[in-house]
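Both counts, for ligands and for their atoms, begin at 1 and track the order of listing. Computation of the quantities below employed the complete heavy-atom set of this structure, encompassing side-chain atoms and omitting hydrogens, waters and symmetry-equivalent molecules. Quick caveat, the model's predicted, so the values are computed rather than measured.
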Amino acid sequence: MRTQVGIVGAGPAGLMLSHLLHLRGIASVVVECRSRDHVERRVRAGVLEQGSVDLLREAGLGERLAREGARHEGIELRFGGEAYRVPMTELTGRAITVYGQQEVVKDLVAARLAAGGEILFEVDDVNLHGLDSESPLVRFRHHGREVELHCDFVVGCDGSHGVSRGAVPDGVLTSYERSYPFAWLGVLAAAAPAVDELVYARHERGFALYSLRSPEISRLYLQVDPAEKLEEWPDERIWSELRRRLETVPGWTVNTGPILEKSITPMRSLVVEPMQWQRLFLAGDAVHIVPPTGAKGMNLALADVALLGEAFADWYAYGRDGLLRDYSRTALRRVWRAQHFSWWMTSMLHRLDSHDPYEQQLQLSTLRYVASSRSYATSLAENYVGLPSI
Ligand code: RFL
Ligand code: PHB
């Protein structure tokens, strides 16, 4: 097989890149180890920055998003018995849209397949060769057959457990990493959300987040110990813990209902630099991870491939390699801003391992400062809705 750009991974990054390349007349093939059904059902992120919404809309993917996505102009912070609404749109002129990541993935898969795009699902043993030559090769097995995909470039969009990054020789990449002593238990519940905007709650028992997907479906998260198992969290325990952490405002209650899905995700921060080696480019979770408290992961993945789309267009249309060479440096500016914001939100809102009373007072003071200073609240808001340029 031969294509122009070989893409490993059919998450938001890989699918969006394939779509953007198609719009510019550049051929690509996406290889994905899981089934279509699996990638379309994976429940994950839900918050799209304004820039991500604009990108999807400009790429012709805005129709269902406009109908089903919910525009949010604020978020609420709950702490120490207080509640403060960050009026994001009033402070920044911009908003976020709540639309499940799996809906973005479904829209992208449908658009690629409708345009005759090639996504090979359920491939095995993907490995990369000749990345320092002009004709790199993606080798894999598909339906029992060995396949060699020859390309001009390979883009690794294969997430945090992918293989692409490992194809770079030792000593080339530098990793910056932080792991946190907590995890998030996330649930999707058939319960009408008791909120119209996201609630981020700092509580002595641990962080909780009330989010939503539709008028019938709530998405909720609890800070838990990373060593805890799902079996230790029967539904009644989850609801009781959510109520303890969120029902701190008089007269307000959590709406309960059947839990449709639950999972535990450990939290970490990671940046690997540079995001390119020779003819291999890396994008999304394959090169950077953020804890979900800032809602940045999917947005960064989309921002990376927006840059790559432009850069490949410039290469194929005019033979210019400037944007490709600048890709890593340009992308990393946004990545590091999101790293700082995600770390900051995480540190301000989670129960600390140390139970250090001094640090707890600092958290509360930071939250009160956000609630009382327009400029501090604006700083949170502009990071949360996404900085147009950085
Ligand atoms: P993905 O989505 O992980 O996709 C990678 C794809 O590569 C495939 N793959 C391989 N394919 C072939 N060969 C191999 N060897 C392969 N190895 C892996 C995988 O099967 C998969 O299909 O990475 P991508 O595209 O970079 O997208 C990143 C986002 O998925 C991620 O950052 C977000 O989900 C993070 N995230 C959030 N991001 C936001 O922007 N806003 C949010 O509100 C938000 N909330 C969250 C989140 C992530 C969470 N979890 C579960 C980690 C909430 C949670 C709980
Ligand atoms: C979600 O709705 O899944 C969600 C919202 C905000 C976050 C993380 C996840 O910070």
Side-chain angles (χ1 to χ4, degrees), residues 6-18 30-36 38-49 51-52 70 72 75 96-102 104-105 108-109 119-128 138-142 155-167 183-188 193 197-200 207 209-213 217-222 261-268 270 282-305 338 341-342 345-346 349 384 386:
I7 299 172
V8 188
L15 292 166
M16 187 68 187
L17 177 62
S18 179
V30 181
V31 298
E32 163 62 49
C33 61
R34 311 302 294 249
S35 68
R36 176 177 178 183
H38 181 94
V39 302
E40 290 189 344
R41 279 170 194 254
R42 212 160 28 191
V43 180
R44 281 191 172 180
V47 172
L48 290 170
E49 294 175 354
S52 301
H72 287 212
I75 54 168
I96 54 147
T97 297
V98 174
Y99 189 65
Q101 177 169 323
Q102 75 270 36
V104 175
V105 165
L108 281 163
V109 170
I119 309 170
L120 305 180
F121 289 102
E122 298 177 71
V123 305
D124 288 315
D125 290 340
V126 174
N127 48 85
L128 311 181
V138 183
R139 264 203 204 116
F140 52 92
R141 224 179 17 239
H142 190 226
V155 185
C157 299
D158 45 354
S160 54
H161 304 293
V163 293
S164 305
R165 206 173 73 219
W184 276 17
L185 166 64
V187 304
L188 195 67
E197 291 180 341
L198 274 61
V199 176
Y200 286 79
F207 171 75
L209 169 61
Y210 205 137
S211 181
L212 55 151
R213 286 295 178 270
I217 304 283
S218 301
R219 177 80 170 139
L220 301 124
Y221 297 96
L222 281 172
E261 203 261 359
K262 51 182 160 181
S263 61
I264 293 182
T265 313
M267 293 174 74
R268 66 186 180 120
L270 169 75
L282 298 164
D285 277 18
V287 264
H288 43 69
I289 311 280
V290 280
T293 331
K296 289 286 164 245
M298 170 168 53
N299 294 295
L300 281 182
L302 295 174
D304 286 352
V305 299
F341 178 65
S342 304
M345 286 284 280
T346 302
L349 289 164
Y384 195 83

Min N/O separation [X] to ligand 1 under 3.5 Å:
| X | answer |
| --- | --- |
| Gly297 | yes |
| Cys33 | yes |
| Arg219 | no |
| Met298 | yes |
| Ala295 | yes |
| Gly46 | yes |
| Ala13 | yes |
| Pro292 | no |

Side chain, backbone, both or neither: the part of [X] lying under 4.0 Å from ligand 2 by heavy atom:
| X | result |
| --- | --- |
| Leu198 | side chain |
| Arg213 | side chain |
| Thr293 | backbone |

For [atom], which candidate among [options] holds the nearest heavy atom?
| atom | options | result |
| --- | --- | --- |
| atom 5 (C) of ligand 1 | Ser263, Gly9, Cys157 | Cys157 |
| atom 26 (O) of ligand 1 | Ile264, Val8, Asp285 | Asp285 |
| atom 8 (C) of ligand 1 | Met16, Glu32, Arg42, Lys296 | Glu32 |
| atom 3 (O) of ligand 1 | Arg44, Gln102, Arg34, His161 | Arg44 |
| atom 36 (N) of ligand 1 | Ala45, Ala183, Ser342, Gly166 | Ala45 |

[X] neighbourhood, listing ligand 1 atoms whose heavy-atom distance to it stays under 4.0 Å:
| X | result |
| --- | --- |
| Asn299 | 40 (O) |
| Asp158 | 5 (C), 7 (O), 9 (N), 10 (C), 16 (C), 17 (N), 18 (C) |
| Gly11 | 2 (O), 4 (O), 6 (C), 22 (O), 25 (O) |
| Val39 | 22 (O) |

Indicate yes or no: at least one non-hydrogen side-chain atom of [X] is less than 4.5 angstrom from one of [Y].
| X | Y | answer |
| --- | --- | --- |
| Phe140 | Asp125 | no |
| Thr265 | Tyr221 | no |
| Lys262 | Val187 | yes |
| His288 | Asp304 | yes |
| Phe341 | Val290 | no |
| Leu198 | Leu212 | yes |
| Arg42 | Val105 | no |
| Leu128 | Val8 | yes |

Between Cys33 and Val126, is a side-chain contact (heavy atoms from CB on, under 4.5 Å) present by the stated rule, with each step listed?
-> CA-CA 8 Å; Cys33 61; Val126 174; 5.8 Å; no
Can you check whether a protein heavy atom sits less than 4.0 angstrom from atom 51 (C) of ligand 1?
->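 Yes, there is one.
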Given that the side chain starts at C-beta and the backbone is N, CA, C, O, which of these parts of Tyr221 lies under 4.0 Å from ligand 1, counting heavy atoms, or is it both or neither?
->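 Just the side chain.
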Provide, to 0.1 Å, the distance between [atom] and the closest protein heavy atom, together with that atom's residue and name.
| atom | answer |
| --- | --- |
| atom 3 (O) of ligand 2 | Tyr221 OH, 2.6 Å |
| atom 2 (O) of ligand 2 | Ser211 OG, 2.6 Å |
| atom 8 (C) of ligand 2 | Pro292 O, 3.4 Å |
| atom 6 (C) of ligand 2 | Tyr200 OH, 3.2 Å |

Atom CE in Met345, atom CZ in Phe207: separation rounded to 0.5 Å?
->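 Here the interatomic distance stands at 7.0 Å.
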Nearest heavy atoms of Ala10 and Val30, plus distance in Å =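 Distance-wise, the nearest heavy atoms are CB-CG1, 3.8 Å.
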Nearest heavy-atom neighbours spanning Val43 and Gln102 =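 Smallest interatomic distance, heavy atoms only, reads CG2-NE2, 3.9 Å.
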When you look at CZ of Arg34, are more than 12 heavy atoms from neighbouring residues, nucleotides or ligands closer to it than 6.0 Å?
->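 Open: at most 12 neighbouring heavy atoms sit under 6.0 Å from CZ of Arg34.
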